[in-house]
Amino acid sequence: MRTPAVLLRTLPVLAAASLLLSGCGGPAPAGTAPGAAATGSATGPDDGAGAPASAFPFTVDNCGTEVTVSAPPRRVVTIKSTSTELLLALGLGDRIVGTAFADGPVPERWRQDLPVISEQLPAQEPVLVLDPDFVYAGWESNFSADGAGERAALGKLGINTYVSPAACREPGYQPDPLTFDQIFADIREVGAIFDAGARADRLVAEQRRQLEAVEPDGKGLSALWYSSGSDTPYVGGGTGAPQLVMEAAGLRNIAADVDQAWSPLSWEAVADRNPDVIVLVDSSWSSVKKKIGVLEQHPVISQLDAVKEGRYLVVPFAASEAGVRSVETVQSLTDQLAKLDAP
């Protein structure tokens, strides 16, 4: 549920979004029911929904940092897959002058040739060389003196910075818990910033339809979300994207009582909670094969029925974080569950 601080962040943007859409003959479509991930880019012009002069400038409170948008960003550096993929889904790939720190390949439906600054977190210098007017990051930690630069320092250079709101960590901004309504509000916020309000509304409407069409698994299975780690697993807790997508797919998160999006959880606790299925997050640095090896070699965990019977579900890392692929992840989990021989 959004806290008052987050509501304060959202209200100015929703007002701006309404102005953006005034040329369409009505306000942005309302709705609080869950929605779902896009199957294609929202390309093409904004159907007459360009912002009138009064729509800019406006200010948003982004994870505790005020961001004043005087005009739609034209030269954007994206860091992490969530930021890159949302802009691509909104048909804004031509605004991206550089990307970095991708969590995996971009889905084929959005894929295009984008310049890569770094496979890891970029330093400030290669970011500045691209002369961006906007740096859009998936994590707050991407903005640091050792990374792309501190937000205040970049602001003094005339570069706006923005963090995916679902990844905010500050009290009053961190989702608790994350909801699909928040993800959809975040999509609309980015749409307002980029003068693409109508595209954002179409994308949200499509995702709502897709989510409403998902049929959750009805067996009441419990699940472990295994993100990384071997000595101690790093798992999906009760407040973030793992909890959100598992719950929507009909799974009970064995770590739902952990008040974090992701958190360490001892193997002893995992064994005691004995999940029916295990969600394996696949990445280049912690592959599914590696994770299965860890599970099968552990003297206790290897004896769990879920491990002995190979009851595994797989989620790509880039689709495991809150964003434009979250509904896609729900559908993927339910599809995999339908094929799984589970109790």
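The figures here come from the full heavy-atom set of this structure, side chains too, leaving out hydrogens, waters and symmetry mates. Keep in mind that what you see is a predicted model, and the values were worked out from it rather than measured.
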Of the non-hydrogen atoms in Q260 and Q174, which two are nearest, and what is the gap between them? OE1-NE2, 4.2 Å

Inspect the contact between E66 and R151 and indicate whether a charged nitrogen and a carboxylate oxygen are less than 4.0 angstrom apart. no

Measure the shortest side-chain to side-chain distance between F184 and L203 over non-hydrogen atoms and say whether it is less than 4.5 angstrom. no

With hydrophobic residues grouped by side-chain heavy-atom distances under 4.5 Å, do L221 and V245 end up in a single group? yes

Looking at every heavy atom in both G240 and L178, which two are closest together, and how far apart are they? C-CD2, 3.9 Å

Run the numbers on V127 and V135 for side chain to side chain contact (heavy atoms under 4.5 Å, CB included), then give the verdict. CA-CA 9 Å; V127 171; V135 180; 4.1 Å; yes

Counting only N and O atoms by type, is there a donor-acceptor contact under 3.5 Å from the side chain of T329 to the main-chain atoms of R325? yes

When you measure from the side chain of R199 to the backbone N and O of G191, does any donor-acceptor pair fall under 3.5 Å? no

Does any N or O in the side chain of S320 come within less than 3.5 Å of the main-chain N or O of F317, such that one atom is a donor and the other an acceptor? yes

In terms of side-chain heavy atoms, does W139 have a donor or acceptor partner in E321 at a distance below 3.5 Å? yes

Should V235 and N253 be marked as a side chain to side chain contact (heavy atoms under 4.5 Å, CB included) after you check the CA-CA gap, both sets of side-chain angles, and the distance that decides it? CA-CA 10 Å; V235 309; N253 182 7; over 6 Å; no

Treating S118 as the side-chain partner and A100 as the backbone partner, does any N or O pair qualify as donor plus acceptor under 3.5 Å? no

Give a yes or no on whether the backbone of L130 and the side-chain of R75 come within a donor-acceptor separation of less than 3.5 Å. yes

Distance from L157 atom CG to L128 atom CG, nearest 0.5 Å? 6.0 Å

Please test I278 against W225 for side chain to side chain contact (heavy atoms under 4.5 Å, CB included), starting from the C-alpha separation and ending with a verdict. CA-CA 6 Å; I278 300 175; W225 183 283; over 6 Å; no

Return the CD1 to CG distance between I187 and D201, rounded to the nearest 0.5 Å. 10.5 Å

Tell me whether V330 shares a hydrophobic cluster with V324, the cluster being built from Ile, Leu, Val, Met, Phe, Trp, Tyr side chains joined at under 4.5 Å. yes

Is the side chain of Y226 donor-acceptor paired with the backbone N or O of G229 at a distance under 3.5 Å, no angle test? yes

Does any part of the side chain of F56, heavy atoms only, come nearer than 4.5 Å to the side chain of P72, both counted from C-beta? yes

When clusters are formed by joining ILVMFWY residues with side-chain heavy atoms under 4.5 Å apart, either directly or through shared neighbours, do W110 and I79 land in the same one? no

Can the ring centroids of F194 and F134 be said to lie less than 6.0 angstrom from one another? yes

Run the side-chain donor-acceptor check on residues 287-295: report pairs under 3.5 Å with partners two or more places apart or on a different chain.
from	atom 1	to	atom 2	distance (Å)
S287	OG	K290	N	3.1
K291	NZ	S227	O	3.0
K291	NZ	V281	O	2.5
K291	NZ	S286	O	2.6
K291	NZ	S286	OG	2.8

Per side-chain contact (heavy atoms from CB on, under 4.5 Å), R95 is matched among L90, D133, L87, V76 by V76

Return yes if some donor-acceptor pair links the side-chain N/O of N274 with the main-chain N/O of L304 below 3.5 Å, else return no. no

Identify the heavy atoms of F58 and A192 that sit nearest to each other, and give their distance. CZ-O, 3.7 Å

Can you get from M246 to L265 by hopping between Ile, Leu, Val, Met, Phe, Trp and Tyr side chains that sit under 4.5 Å apart? no

Quick one: CG on N160 to CD1 on I193, what's the gap to the nearest 0.5 Å? 8.0 Å

Is the count of non-hydrogen atoms from other residues, nucleotides or ligands lying under 6.0 Å from E125 atom CD greater than 12? no

As an exercise, state the distance from CG of L88 to CG of L92, rounded to the nearest 0.5 Å. 8.5 Å

Between T78 and T99, does any side-chain donor sit less than 3.5 Å from a side-chain acceptor? no

Please assess E150 against K156 for the test salt bridge (charged side-chain N to carboxylate O under 4.0 Å, His left out), listing each intermediate value before the final yes or no. CA-CA 10 Å; E150 295 178 340; K156 290 178 181 178; over 6 Å; no

Could you tell me whether the side chain of E140 and the main chain of R169 form a donor-acceptor pair under 3.5 Å? yes

Is there a donor-acceptor contact under 3.5 Å linking the side chains of N62 and Y173? no

Does R74 pair with D131 as a salt bridge, N-O distance under 4.0 Å? no

What is the minimum heavy-atom distance between G104 and A318, and which atoms define it? N-CB, 4.2 Å

Smallest separation among heavy atoms of I183 and G323, with atom names: CG2-O, 3.7 Å

Atom CG of D231 with >12 non-hydrogen neighbours under 6.0 angstrom: no

With a 4.5 Å heavy-atom cut-off, do V270 and I301 have their side chains touching? yes

Counting neighbours of CZ on R111 that are heavy atoms of other residues, nucleotides or ligands and sit closer than 6.0 Å, is the number greater than 12? yes

Less than 3.5 Å apart, any donor N or O on the side chain of Q336 or Y312 sitting next to an acceptor on the other? no

Step-by-step side chain to side chain contact (heavy atoms under 4.5 Å, CB included) determination, K80 to Y136: CA-CA 9 Å; K80 303 295 286 182; Y136 179 10; over 6 Å; no

salt_bridge(R209, E212) N-O dist < 4.0 Å: no

Once you round to the nearest 0.5 Å, how far does OG of S222 lie from CG of D276? 3.5 Å

For T334 and Q331, which I'm curious about, is there any donor-acceptor pair between the side chains at under 3.5 Å? yes

Would you name the heavy atoms of C63 and E170 that are closest together and state the gap between them? O-CG, 3.7 Å

If I take atom NZ from residue K339 and atom CG from residue D335, how far apart are they, to the nearest 0.5 angstrom? 6.5 Å

Between V67 and I159, is there shared hydrophobic-cluster membership here, with clusters defined by ILVMFWY side-chain heavy atoms closer than 4.5 Å? no

What orientation do H298 and W267 show, parallel under 30°, tilted 30 to 60°, or perpendicular over 60°? tilted

